[in-house]
There are 2 protein chains.
Amino acid sequence: MISNRDESKRRLTASGIKPTFQRAVILEAVRGKNGHPAIRDLHARLLRDVPTLSKTTLYSTLELFARKGLVKPLFIDPAEVRYDGVAEPHHHFYCTACRRILDIDIACSTGRAGRIHGHQVDEVHGYFKGLCRDCLAGGRLSRAANVSIHNSPRRKPHA
Amino acid sequence: MISNRDESKRRLTASGIKPTFQRAVILEAVRGKNGHPAIRDLHARLLRDVPTLSKTTLYSTLELFARKGLVKPLFIDPAEVRYDGVAEPHHHFYCTACRRILDIDIACSTGRAGRIHGHQVDEVHGYFKGLCRDCLAGGRLSRAANVSIHNSPRRKPHA
DNA sequence: TCTCTATTTGAAATCATTACAGATTGGATT
DNA sequence: AATCCAATCTGTAATGATTTCAAATAGAGA
């Protein structure tokens with residue numbers, strides 16, 4: 001059986017990126033459980049295994065990944081950029097309560113890219129916002145759940 | 001003929017908002033030409049007519065408007081929140097070159113709201129990104145055109 | 001081992017957004 | 001018209017994600 005680490009390195013190489021240790025660890029994390037992490041999440045999560053990992057590295061590495069098409073930055077969370085380790089186009093649901101981002105498998109009539117009204121469309125994002133199934137059922141919020149920018153959250157609470 | 005100012009005040013009253021001078025001016029601006037402005041745009045634009053207008057007022061007023069459903073905040077621009085003065089749901093195109101946001105009139109198969117996968121959907125946003133018709137034709141960029149967060153821009157250029 | 005270049009790191013700078021407290025306004029009451 | 005009260009508005013400071021930048025480190029090749 002192959003490790004996720006090796007799997008990540010193979011993906012890096014396949015995308016024309018030199019597979020360094022940090023890059024493999026980061027890619028592994030973006031694609032792992034708890035999908036759609038923010039830089040802050042990745043930093044907190046990875047610091048346990050790689051105590052020297054800097055946020056600067058995370059920022060520059062994720063930019064590299066995005067440029068190479070390995071990950072997709074999502075601007076659905078008003079507080080911070082979230083990253084999607086699955087590059088294949090699909091839509092997202094953002095829960096304004098627990099702040100989780102869930103994949104939405106819906107075949108939108110509107111094609112993936114091409115031309116619309118004469119504009120060259122490179123990316124199509126379907127963003128659905130509301131309360132996720134778990135929060136509707138009174139689930140325990142998995143995040144600080146206090147962001148702002150209107151109904152959605154952003155930044156810190158009033159503490 | 002009725003002025004835009006009066007029109008704005010009527011809208012405010014209709015939404016249950018006390019129509020103060022500042023609020024009327026701000027609503028007028030969000031709905032005016034150059035659609036989908038950021039707080040920064042509004043501040044620069046309105047400072048000519050209302051020299052005392054503070055950014056704090058803009059932030060709190062737009063939050064009020066959004067809460068009352070008069071405007072919609074858009075998170076399509078990685079650099080800052082943009083506001084849509086047209087509340088009726090429709091989709092948007094973001095030009096990564098000139099940073100303009102253009103309305104897209106497309107009837108998406110996916111309904112406006114309701115339930116998806118058990119989640120309660122309050123908002124649906126269709127975000128298309130790419131190069132607008134004008135920029136494709138080599139148009140002069142209408143904005144700084146230097147933002148970042150990967151292909152899209154954010155913050156300042158490298159100067 | 002030595003060099004050279006790419007990568008990683010830490011610290012400082014930038015800037016949109018938020019928090020807060022004081023100043024102002026407008027209406028109701030006297 | 002003077003007074004009071006509550007809602008608005010304003011300026012300043014704090015917060016925190018993101019960027020910038022230069023120095024430290026690691027790796028490939030001679």
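The sequence lines fix the lettering, A, B, ..., with proteins before strands; numbering per chain opens at 1. Predicted model only: the values in this text are computed from it and were never measured. These numbers come from the heavy atoms of this one structure, side chains and all, not from hydrogens, waters or symmetry mates.
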Minimum-distance nucleotide to [X] side chain [options: [options]]:
X: A/Leu53; options: C/dA16, C/dT8, C/dT9; answer: C/dT9
X: B/Arg40; options: C/dA16, D/dT18, C/dT9; answer: C/dA16
X: B/Tyr59; options: C/dA16, D/dT10, D/dA17; answer: C/dA16
X: B/Thr57; options: D/dT18, C/dA6, D/dC9; answer: D/dC9
X: B/Thr52; options: C/dT17, D/dT19, D/dT10; answer: D/dT10

Whole angstrom value for the distance that separates [atom2] of [N] from [atom1] of [X]:
X: A/His43; N: D/dT18; atom1: NE2; atom2: C1'; answer: 14 Å
X: B/Leu47; N: D/dT10; atom1: CG; atom2: P; answer: 10 Å
X: A/Phe21; N: D/dT25; atom1: CZ; atom2: P; answer: 17 Å
X: B/Leu12; N: D/dA7; atom1: CG; atom2: C1'; answer: 15 Å
X: B/Ile39; N: C/dT18; atom1: CD1; atom2: C1'; answer: 12 Å
X: A/Leu64; N: C/dA6; atom1: CG; atom2: P; answer: 13 Å
X: A/Leu42; N: D/dA17; atom1: CG; atom2: C1'; answer: 14 Å
X: B/Leu62; N: C/dA16; atom1: CG; atom2: P; answer: 15 Å

Checklist entry - Within the structure shown, what part of the strands sits under 4.0 Å from B/Ser60 by heavy-atom distance: base, sugar-phosphate, or nothing? => result nothing
Checklist entry - Are OP1 or OP2 of D/dA26 and a side-chain N or O of A/Gln22 less than 4.0 angstrom apart? => result no
Next on the checklist: For D/dG11 and B/Thr56 - does any side-chain N or O of the residue sit under 4.0 Å from the phosphate oxygens OP1/OP2?
Outcome noted: no
Next on the checklist: On DNA chain D, does the nearest nucleotide to A/Lys18 precede the nearest nucleotide to B/Lys55 from the 5' side, or the other way round? Give the residue.
Outcome noted: B/Lys55
Checklist entry - Are B/His90 and B/Asp84 close enough that a side-chain donor and a side-chain acceptor fall under 3.5 Å? => result yes
Next on the checklist: Main chain of B/Leu102, side chain of B/His92: is a donor-acceptor contact present, judged purely on distance under 3.5 Å?
Outcome noted: no
Item to check | Aromatic plane relationship, A/His125 with A/Tyr127 - under 30° parallel, 30 to 60° tilted, over 60° perpendicular | outcome: tilted
Item to check | Derivation of the side-chain contact (heavy atoms from CB on, under 4.5 Å) call for B/Tyr83 and B/Ile39 | outcome: CA-CA 8 Å; B/Tyr83 291 89; B/Ile39 292 286; 3.9 Å; yes
Item to check | Residue of the set B/Phe128, B/Phe93, B/Tyr94 for which ring pair (Phe, Tyr, Trp, His ring centres under 6.0 Å) holds with A/His119 | outcome: B/Phe93
